[in-house]
Amino acid sequence: MSEITLTFPDGAKRSVRKGITGKELAESIAKSLAKRAVAMVVDGRLADLADPITADAAVKIVSRTDPEALELIRHDAAHVMAEAVQALWPGTQVTIGPVIENGFFYDFAKAEPFHPDDLAKIEAKMHEIIARNAPFTKEFWSREQAKDFFRKKGELFKIELVDAIPEGEDLKIYKQGEWLDLCRGPHMTSTGHIGKAFKLTKFAGSYWRGDHNNAQLQRIYGTAWATEQELTAYLRQIEEAEKRDHRKLGREMDLFHFQEEGPGTVFWHANGWTIFQEIVGYMRRRLKGDYREVNAPQLLDKSLWETSGHWGWFRENMFMAQSAGEDTEDERVFAIKPMNCPGHIQIFKHGLRSYRELPLRMSEFGIVHRYEPSGALHGLMRVRAFTQDDAHVFCTPEQMAEECLKINDLILSTYADFGFDGEMTVKLSTRPEQRVGSDEAWDHAERIMSDVLKQIEARSHNQKIRTAINPGEGAFYGPKFEYVLRDAIGRDWQCGTTQVDFNLPERFDAFYIAADGSKTTPVMIHRAICGSMERFLGILLENYAGHLPLWLAPVQAVVCTIVSDADAYAGTVLAALQQAGLRAQIDLRNEKINLKVREHSLTKTPVILVVGKREAEEGKVSMRRLGGQDQRVMPLAEAVAALAEEALPPDLKRAGARARLAP
RNA sequence: GCCGCAGUAGCUCAGGGGUAGAGCAACGCAUUCGUAAUGCGUGGGUCGGGGGUUCAAAUCCCUCCUGCGGCACCA
């Protein structure tokens with residue numbers, strides 16, 4: 001009998017009989033290990049404990065509490081959920097049930113919709129199945145055997161799945177007691193290892209194979225963890241995220257609202273608009289010098305959008321406008337702009353351009369309207385009318401790489417200024433199936449951009465910038481970079497984008513006079529940093545949980561009196577704050593200081609300046625910061641100076657520091 | 001757009017065929033108080049819109065709108 005050599009995580013090597021199973025191996029090492037063992041990792045791949053090991057390998061026995069077991073717990077839970085559903089509603093077809101971040105789901109085909117109360121019923125049944133602790137066993141079936149079985153059971157989707165498994169690949173059936181499922185595995189040794197730390201969280205509609213032309217299925221989501229503590233921690237984290245919901249904060253901080261007549265369009269209140277304008281102001285300062293800001297029309301004749309290709313590609317997502325007059329003879333059809341680029345090309349084309357003007361960087365805080373599907377709308381994050389911090393760089397092919405890098409620096413430094421200093425991902429999206437332009441042009445653009453991506457990676461000294469490729473996800477007119485930032489609670493948001501476009505300038509016959517006197521088509525780079533200002537503001541709100549840094553807070557400080565004797569002095573304090581450029585308010589109401597502090601804290605005002613008799617006599621203020629319990633009493637002038645300094649936007653703070661350093 | 005759920009006072013929510021409710025907020029009065037809710041009182045609603053069933057509809061049925069959770073979409 002031949003032997004093989006296994007290497008263990010601690011580096012120890014051991015000769016064993018070829019074909020030894022993980023279970024036997026664990027038993028040979030220690031009884032206690034065998035008892036704990038639920039699976040194994042062979043050469044980096046999770047495998048069933050019952051699998052034979054047939055060659056030299058690095059082996060780790062996995063016990064339930066190992067991190068590797070978590071995905072097994074979740075996957076096993078998905079199987080148990082499927083069994084539970086079929087037990088409760090015979091005739092329900094099962095489809096697929098994968099592990100996802102933090103949990104799992106399973107998609108079912110069932111005529112009657114699930115009811116909210118069903119989740120508890122399914123959970124109860126799952127606990128029963130888990131308590132039975134039936135072993136997971138694996139069998140290899142032939143295609144015919146499997147299809148025959150599923151046909152008899154009425155599992156039409158499973159038959160499709162069998163057919164989709166490539167010829168020559170094993171077809172695995174996992175049994176847990178009576179119930180079985182087609183599955184790629186692996187699984188733990190028995191259902192009992194799933195434990196009790198799971199919860200079904202929600203259900204939803206989904207489509208078979210993710211295609212909306214296919215049958216609609218019903219999906220149930222669950223979360224599962226190794227321990228109850230982890231489950232509770234996870235559920236608490238969800239609650240935390242809900243507290244940060246920008247729609248809730250928007251109401252509490254009186255920033256904006258939505259109403260029925262304007263689905264997907266924002267009513268900005270004074271507070272919200274102050275933040276909005278502060279962000280725009282920051283962006284304008286960052287663009288100064290390099291970019292020229294323009295403004296193109298909101299409404300343009302349909303023909304222009306036919307030329308640009310939008311009417312053909314995105315008509316379903318565009319708003320159209322006409323004269324509303326009943327007896328007007330003007331029947332021209334206009335489109336409300338869904339993008340700024342066609343307008344910018346018109347500006348570029350107006351007059352003769354020379355190569356000496358390139359790169360020509362044209363920016364606009366343009367409001368665009370897109371008819372988003374109703375189901376996609378979501379607070380500020382997905383709206384039908386939004387402001388882009390948009391720009392188009394017209395340049396020569398030679399200038400392209402440098403422009404992309406310049407934009408990269410601008411984007412990354414902007415995110416840092418807004419407090420996103422964690423991990424960041426830059427993704428290169430390459431040619432999609434549906435596209436315009438020659439393959440040569442795509443080859444060229446993708447080559448340049450992957451070079452740029454490598455340079456971006458090389459520039460990331462702090463290791464926080466990760467790069468990736470998104471095959472087939474590019475725009476129809478060219479490849480693009482997508483900038484994904486990570487917020488304070490670990491969620492990723494795609495905001496910035498840099499898109500190379502060799503299609504639009506050609507469609508509009510845009511050209512410049514090259515050095516040799518010939519007419520040459522420029523390359524156009526679309527870029528946005530915040531993307532949608534509305535959405536970016538929403539992300540900021542959730543990132544900071546409403547506790548905005550002073551420079552972004554709509555009301556930066558509020559002066560609160562304790563007794564009416566301090567009213568006059570409070571007025572002096574307010575005037576001093578406003579004089580220093582701070583957005584300040586005053587609260588002279590005949591209310592207890594406790595109430596005032598509570599109310600201004602609930603609206604997330606960063607600074608509360610309390611003044612009573614003592615402060616009025618001494619010319620001081622008692623400063624309390626949002627979220628803090630304590631307060632500092634200090635001279636008025638000192639407080640105003642400190643706040644004014646803190647309230648400077650980060651770019652101006654840098655400029656101030658430079659100015660002070662200068663001779 | 002698709003599946004499910006929901007829409008009652010400014011906000012959070014109760015009421016499920018028989019005269020619309022609570023807390024907070026608002027308003028009025030009293031209270032001048034030292035860092036997250038002072039007390040008492042008063043007003044407030046076509047129960048998302050439209051249609052139907054019924055002697056009678058917030059409540060049951062149909063339809064549309066909007067929102068929420070997913071799916072699909074996201075130039």
Side-chain angles (χ1 to χ4, degrees), chain A residues 105 107 110 112-116 118 201-221 245 247-248 251-252 254 257-264 305 308-310 312-318 338-342 368 370-379 381-384 388 432 434-436 473-478 480 494 497 499 501 503-504 526 531-532 535 560-567 588-602 608-615 622-633:
Chain A
F105 69 76
D107 280 349
K110 173 169 171 282
E112 288 296 307
F114 286 112
H115 185 270
D118 292 343
T201 49
K202 59 197 167 193
F203 43 58
S206 63
Y207 297 104
W208 171 237
R209 291 174 181 267
D211 186 335
H212 68 278
N213 297 308
N214 290 345
Q216 178 110 35
L217 306 172
Q218 299 188 65
R219 174 173 300 178
I220 300 179
Y221 284 95
D245 190 314
R247 293 165 298 190
K248 191 168 181 280
R251 201 169 36 241
E252 290 167 356
D254 191 20
H257 84 268
F258 292 89
Q259 64 187 52
E260 285 203 14
E261 293 84 348
W305 302 104
S308 72
H310 289 96
W313 288 90
F314 295 106
R315 193 177 168 180
E316 299 305 310
N317 300 297
M318 285 167 72
M339 290 188 89
N340 300 304
C341 28
V368 295
R370 299 177 180 184
Y371 187 84
E372 301 286 357
S374 57
L377 301 179
H378 180 93
M381 303 305 191
R382 192 83 180 267
V383 288
R384 285 182 175 160
Q388 283 182 314
Q434 302 252 313
R435 60 179 185 266
V436 296
E473 294 292 316
F476 72 94
Y477 49 70
K480 62 183 178 185
Q494 197 241 298
T497 159
Q499 313 185 357
D501 184 349
N503 165 52
L504 220 49
H526 309 242
S532 150
R535 181 165 170 274
C560 297
T561 50
I562 296 172
V563 290
S564 53
D565 288 348
D567 285 3
L588 300 179
R589 289 175 304 165
N590 175 13
E591 294 291 354
K592 284 187 163 182
I593 192 63
N594 291 293
L595 182 90
K596 294 187 183 183
V597 166
R598 177 181 158 79
E599 288 191 349
H600 297 299
S601 299
L602 287 174
I608 298 176
L609 297 175
V610 175
V611 295
K613 264 188 201 156
R614 266 204 312 273
E615 286 78 9
S622 168
M623 193 192 298
R624 180 191 171 108
R625 304 298 301 235
L626 176 60
Q629 302 291 321
D630 50 346
Q631 52 271 170
R632 277 183 63 202
V633 179

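Because only heavy atoms are used, hydrogens play no part in the values below, and waters and symmetry mates are left out as well, while side chains stay in. Each chain gets a letter, A, B and so on, in the order its sequence line appears, and its residues count up from 1. Remember, predicted model here, so these are calculated numbers, not experimental data.
Within the 4.0 angstrom heavy-atom criterion, no nucleotide atom of any strand lies near A:Lys248. Within 4.0 Å (heavy atoms only), A:Asn317 reaches at least one base atom of the nucleic acid. No contact: A:Gly309 has no heavy atom under 4.0 Å from any strand. Within the nucleic acid shown, A:Glu473 has no heavy atom closer than 4.0 Å to any nucleic acid atom. Nucleic acid contact for A:Thr561: none, since no nucleic acid atom lies under 4.0 Å from a heavy atom of the residue. A:Tyr477 comes within 4.0 angstrom of sugar-phosphate atoms only, judged by non-hydrogen atoms across all strands, and of no base. In this structure, A:Arg219 reaches the sugar-phosphate backbone alone: every heavy-atom distance under 4.0 Å involves primed, P, OP1 or OP2 atoms, never a base. Within 4.0 Å (heavy atoms only), A:Lys596 reaches no atom of the nucleic acid at all. Note on A:Ile608: nothing from the nucleic acid sits closer than 4.0 angstrom, heavy atoms only.
B:A37 and B:U66 have their P atoms separated by 41 Å, with the value rounded to a whole Å. Nucleotides B:G16 and B:G48, compared at atom P, are 16 Å apart to the nearest Å. Taking the P atom of each, B:U42 and B:C5 are spaced 42 Å apart, rounded to whole Å.
Summarising the base pairing, B:C71 is matched to B:G1 through a Watson-Crick or G-U wobble pair whose two defining distances lie under 3.5 Å. Across all strands shown, B:A9 remains unpaired; no Watson-Crick or G-U wobble contact has both distances below 3.5 Å. Nucleotide B:U31 forms no Watson-Crick or G-U wobble pair with any nucleotide shown, as no partner meets the under 3.5 Å limit on both distances. B:C47 makes up no base pair with any nucleotide shown, lacking Watson-Crick or G-U wobble contacts both under 3.5 Å. Here B:A37 sits opposite no nucleotide as a Watson-Crick or G-U wobble pair (both hydrogen-bonding atom distances under 3.5 Å). Pair assignment for B:U19 gives none, since no Watson-Crick or G-U wobble pairing has each distance under 3.5 Å.
Looking at which nucleotide of RNA chain B each of A:Ile562 and A:Asn590 is closest to, the 5′-most match is held by A:Asn590. Each of A:Leu626 and A:Gln218 has a nearest nucleotide on RNA chain B; the 5'-most of these lies closest to A:Gln218.
Within the 4.0 Å cut-off from OP1 or OP2 of B:C71, at least one side-chain nitrogen or oxygen of A:Tyr221 is found. Checking the phosphate oxygens (OP1, OP2) of B:U12, a side-chain nitrogen or oxygen of A:Arg251 falls inside 4.0 Å. Contact between the side-chain N/O atoms of A:Arg535 and the OP1/OP2 oxygens of B:C74 is not found at any separation under 4.0 Å.
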Would you tabulate the nitrogen or oxygen pairs shorter than 3.5 Å linking the protein to nucleotides 64-69 of chain B?
from: B:C68; atom 1: OP1; to: A:Arg247; atom 2: NH1; distance (Å): 2.8
from: B:G69; atom 1: OP1; to: A:Arg247; atom 2: NH2; distance (Å): 2.9
from: B:G69; atom 1: OP2; to: A:Arg247; atom 2: NH1; distance (Å): 3.4
from: B:G69; atom 1: OP2; to: A:His378; atom 2: ND1; distance (Å): 3.4

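Look at B:G10: its glycosidic torsion is beyond 90° from 0, and that puts it in the anti range.
Judged by distance alone with a 3.5 Å cut-off, no donor-acceptor contact links the side chain of A:Glu316 to the base of B:G1. Counting atom types as modelled, A:Tyr207 pairs no side-chain N or O with a base atom of B:G70 as donor and acceptor under 3.5 Å.
In this pair, A:Tyr477 and A:His526 present their aromatic rings parallel. The plane angle is below 30°, not in the 30 to 60° band.
The two residues A:Asn214 and A:Trp208 make their nearest non-hydrogen contact at ND2-O, 2.8 Å.
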